[in-house]
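What follows is a single structure, written as structure tokens, with notes after it.
Just so it is clear: chains get the letters A, B, ... in the order the sequence lines come, proteins before strands, and each one is counted from 1.
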2 protein chains.
Amino acid sequence: MMENEVDGLDKRKAYILATVVYEYIATGEPVGSQALTQKYNLGVSSATVRNEMADLEAGGYLEQPHTSAGRVPSDAGYRTYVDALMSPEELGADERRRIRDEMRDARAQLDEIVEQSSRLLGRLAGNLAFVTKPQSDTQSFRYVQLIWIAERSGIAIIVTSLGVASQSLFELRNDLSPDDLTRLSNALNATFAGRLLRDCDDRSLTALTKSCGFGDDMAAAVRAAFIGARTQEQPGISASGAQHLLDQPEFRDVRKLRSILRILEEQRTLYDLVADAFDSPTASVKIGHELGSEELADLSLVTVPYRFGERAVGMLSILGPRRMPYARLLALASGTAETLSERLHDVEVK
Amino acid sequence: MMENEVDGLDKRKAYILATVVYEYIATGEPVGSQALTQKYNLGVSSATVRNEMADLEAGGYLEQPHTSAGRVPSDAGYRTYVDALMSPEELGADERRRIRDEMRDARAQLDEIVEQSSRLLGRLAGNLAFVTKPQSDTQSFRYVQLIWIAERSGIAIIVTSLGVASQSLFELRNDLSPDDLTRLSNALNATFAGRLLRDCDDRSLTALTKSCGFGDDMAAAVRAAFIGARTQEQPGISASGAQHLLDQPEFRDVRKLRSILRILEEQRTLYDLVADAFDSPTASVKIGHELGSEELADLSLVTVPYRFGERAVGMLSILGPRRMPYARLLALASGTAETLSERLHDVEVK
DNA sequence: TTTAGCACTCCGAGCAAGCGAGTGCGAAGC
DNA sequence: GCTTCGCACTCGCTTGCTCGGAGTGCTAAA
């Protein structure tokens, strides 16, 4: 848990910082030097701890709510703790099994599986959890079926690797037969099946449609269908566990709660929070002001990607008070992500 | 606003009750006899009002939080107010227009329209609003397309009148050709198109499939596809506006809030709240204990159906403190329901 | 450099007093 | 006979106060 020098802190300072953060996470009370020496065997007296704490405060790792109160970690303090001081946690075998069992309850439908994982994670983590649905443009195209409704109208149905059927109605200028549509469907399937949805670009779609002898209107309909499948520009988000936030003493203040509820409903904002974590292949933690909003300044966010095959397609996140058990939540999120990734194969259209 | 006798109350008692409820809804403070006579021109003195209030309390219409506090309406008081005393409200032309305009922002996709209407209603009503998605079994069946994937597997896609495509994968015991599937699709469409989904019963589906020369496995796949479309046994619910509840003084107490957030996440409970309103063709109001749960005892629920064609297919609801402006919220819910009903035609598969 | 001792600060719980709003009731008034 | 006035009483809420506890920082000694 400790090297000789961490982030410019000597061994003892680092240990004291770790202990303060640990204790504060556990109790939620500002931690004072005496309490610390009594509860943990630090090998030095409270006066020494006091001096060290004063240094840590000067270095920006700790803060004092007011004179004559104990110390509380600052963003930087948490950051150092998360990056260098805490001991990572692993889930036990029985916990893994429990997660797997509960995930099995969901039917093999994409939405249900995602929702189930957000519910599960929210409950296990005792915090607000949310899960982005798989990004549609990272999915691959499986089938399109153009269905004849009337001489000049039809429905296009697109099936992707995760079975998400998107549908769009279209109207044409010229009469067509059901056979025409079948022919075009087959041609599209032959050419594009297996490609990533984002690689089914407008130009190739148009070219293929025309080469089958259809006009601009049909080409536009085909493009629209693919755009509809691809352009759910920001994936849906399933959130769960907001009620747990009420248990946290930091939410006595109702205004904070309101910010959170508002954000929950604006999926846009919620999505922005995790959006940049998309680029990182591993877990990421954002602490306090790192979330980029004063409203969220005393919250932290743990984000873990889940995969479909090799590709990261979505994110599981936990939003909670800065004072959250980071190691534990990272373990829970990773465990859930893993199980979610596995279950995605149950809905895969092969 | 007033007959001579209302619910066993003489004219003056009824008027005083109405005024108390009105004032309490406006201020949230227990209302006393003096305050009432000062603010409203009752034509009698506070002492008389006091006597009347004592009677109303004895009759169960009012309650006293404690001696030396003003009166507060009881469930029965609100009930009488809603049923007989309040003057119904209508939306102004400009408000209607605003609602219509905002609903236009949503794309012509069922889910988006429903979500938009819950967002809109939540914002306008300043309370938690939720909207059930159209019950699938009241929708009519439009098209089924069985898509060939491999010799022994395929996808069945069902399109209903509101365009909700449900899809299900199937596996068969015997090889089939794409043409076989098209033939069966056409047969199913010819027979069932236009029927209510709930009238596409297992027996007729099986019979038709077999009469086309397919085996038990194919019949089972067809049944499963229709069941999947029909059996979303409890429709999804889109909720919005929880943060407004925080503005209400009655939610200072955090426990109440927790109950609500919990209920919000358990769609089951939320659905149960409006389920019996489904039978009523008009607006319904549930007050306090009428919601059937101690947790919700100081809330009220306004529910209004929306239609697709002639048929009521879903509900818009507003959940808020018992102390809610009933007439206004009923008007808002009705107005939104109307606009939602109109917009449903934009997604209709004709 | 660490520790012991000490004066000082500040928060928050607990208590008492005073205020204000409201009630109920008996007696007087229309 | 209903309505009103006057009055004593109740009760919760706010304000101000005290006091204890926890914690700090500083100084001097080990």
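- Remark: the B/Ser317 side chain and the B/Thr303 side chain contain an N/O donor-acceptor pair separated by less than 3.5 Å.
- Applying the 4.0 Å criterion to OP1 and OP2 of D/dT4, one finds that B/Thr48 has a side-chain N or O inside that range.
- Taking side-chain N and O atoms only, B/Arg12 has a distance below 4.0 Å to OP1 or OP2 of D/dT3.
- For the pair B/Ala69 and B/Asn51, both in contact range of DNA chain C, the more 5′-proximal nearest nucleotide belongs to B/Ala69.
- Between C/dC10 and A/Thr67, a contact under 4.0 Å exists linking OP1 or OP2 to a side-chain N or O.
- In this structure, B/Leu62 places its CG atom 16 Å from C1' of C/dG24, rounding to the nearest Å.
- Atom NZ in A/Lys39 sits roughly 15 Å away from atom C1' in D/dA22 (whole-Å rounding).
- Between A/Arg50 and B/Glu52, the residue anchored closer to the 5' end of DNA chain D is B/Glu52, taking for each the nucleotide with the nearest heavy atom.
- A/Gln64 is not listed as a side-chain neighbour of A/Met53, based on a closest heavy-atom distance of 4.5 Å or more.
- When the options A/Gln267, A/Glu265, A/Glu266 are evaluated for a side-chain hydrogen bond (donor to acceptor under 3.5 Å, both in side chains) with A/Thr269, the one that passes is A/Glu266.
- Between B/Lys13 atom NZ and D/dC2 atom C1' there is a gap of 12 Å when expressed in whole angstrom units.
- Distances shorter than 4.0 Å separate some side-chain N or O of A/Arg71 from OP1 or OP2 on D/dT24.
- In this structure, A/Asp55 atom CG and C/dT2 atom C1' are separated by 14 Å, rounded to whole Å.
- Judged by distance alone with a 3.5 Å cut-off, a donor-acceptor contact links the side chain of A/Ser68 to the base of C/dT9.
- With D/dG23, C/dA4, D/dG25 as the choices, the nucleotide that has an atom nearest any side-chain atom of A/Ala54 turns out to be D/dG25.
- Residue contacts shown for B/Gln64 are limited to sugar-phosphate atoms, with no base heavy atom under 4.0 Å away.
- As judged by a 4.0 angstrom heavy-atom cut-off over every strand, A/Ser46 is placed among residues making no nucleic acid contact.
- Between the OH atom of B/Tyr24 and the P atom of C/dG22 there is a distance of 14 Å, rounded to whole Å.
- Among the protein residues, B/Ala47 comes within range of the nucleic acid bases, having at least one heavy atom under 4.0 Å from a base atom.
- Using modelled atom types, one finds a donor on one side chain and an acceptor on the other under 3.5 Å when comparing A/Ser238 with A/Ser118.
- Look at CG on B/Leu56: it is 15 Å from C1' on C/dT23, rounded to the nearest Å.
- Look at CG on B/Leu36: it is 13 Å from C1' on C/dG22, rounded to the nearest Å.
- One interatomic measurement links the two molecules: CD of B/Gln34 to P of C/dG22, which rounds to 6 Å at whole-angstrom precision.
- Side-chain N/O atoms of B/His244 and B/Asn127 include no donor and acceptor closer than 3.5 Å.
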